[in-house]
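The figures here come from the full heavy-atom set of this structure, side chains too, leaving out hydrogens, waters and symmetry mates. Counting convention: from 1, in listed order, for ligands and their atoms alike. Keep in mind it's a predicted model, so treat the numbers as computed, not measured.
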Amino acid sequence: MSRLRALTGIKPSGTPHLGNYLGALRPALQLQQTHDTFYFIADYHALTTVREPAQLKEHTYDLVAVFAALGMDFDQHTFFRQSDIPEVTEFSWILSCITAKGLLERAHAFKDAQSKQQEVNLGLFCYPVLQAADILLYDSNFVPVGKDQKQHLEMTRDIALRFNHLYGEDVLVVPEPLIGEEVATIPGLDGQKMSKSYNNVIPLFAPAKQVRKSIMRIQTDSLGVEDSKDPDQCNIFQLYRHFTTAEEQATLAERYRAGGMGYGEAKQQLFEAVERELGEAREAYFELREQPETLEGILEKGRDKARRVALEVRKRVRSSIGL
Ligand code: AMP
């Protein structure tokens, strides 16, 4: 039985942290079990802000190594670099010709940049059209969406429905949102949302010593070892939940409440749980990161698979619009 296709793009914006892993990478990888997944590294999108060529390349390799280390199946699924399929820019132009400027003016990313008086280049303004092209060029049935991307998928659906209305109901597959289990916002070392801009992250793949050091810096209240503690109010425990079974959580929660356990010990348990899930993957990551030719090989394989689909859709699109 053929599976429905789910597509996701990931921006190459530096080494991911545990918030990225729990909120985006781990759910994306789990989708492999139920869908035909297409993942792409959104390097054309990154160009709206990244001005360092070497950095773009390094961050692209970082992501390939991350997915490989976390066990992505490159035979059954498709993992590629957006810019390896240049047809997406041609398609983006075609879609931009049926997209109202007003629609783009309502996009969050554009409005946000404008209100902060940041540079708004045409790429940033047209971002939702390229995103629609990314999704529609691969006949994607589903796009996993978190709270932050709901609007973009709605725009893609608007664009696809308009295209089909003009050129034929069966030309483009109109994608549906795939709403997975909502992953809570992962707190950083200070309890705020884990984010590079708050300088409060625990890196996904750093040497074990460094990960441990980060975990030991998680902020807590100042209760003493003997005091009874509330796991639900503790940043350490909020992270611990994501790496452990219900049973392990119940055991640690009980120790919090009973008193007699310091936060240092809870941190050590968190570190061990993180290590259990990610220790091996980290070793694999560092090895792969030293092998650019292996990483390029993965991208080439993905490019060939993605391109086959893209060329079919392109043919359908061009003939429907009279090119
Ligand atoms: P960013 O590079 O910050 O845009 O993050 C990329 C994706 O990672 C987001 O769309 C979220 O799905 C996920 N993510 C980032 N930070 C967190 C966090 N603190 N908690 C949960 N998910 C996160």
Which option wins on minimum heavy-atom distance to atom 20 (N) of ligand 1: Val201, Ile10, Ile186?
Ile186
Closer than 4.0 angstrom, basic N to acidic O: yes or no for Asp43 and Lys57?
no
Is there a heavy atom of Asn20 sitting under 4.0 angstrom from any atom of ligand 1?
yes
Does Arg257 come within less than 4.0 Å of Asp227, counting only side-chain N to carboxylate O?
no
Between Arg212 and Glu275, is there a side-chain N and carboxylate O pair less than 4.0 Å apart?
no
Pick, from His242, His17, Arg26, the option with the minimum heavy-atom distance to atom 16 (N) of ligand 1.
His17
What atoms of ligand 1 come within less than 4.0 Å of a heavy atom belonging to Thr185?
20 (N)
Look only at interatomic distance and state if Met194 has a nitrogen or oxygen under 3.5 Å from any nitrogen or oxygen of ligand 1.
yes
Heavy-atom distance under 4.5 Å between the side chains of Asn141 and Leu178, does that happen here?
no
Output field: ring centroids Tyr39/Phe67 closer than 6.0 Å:
yes
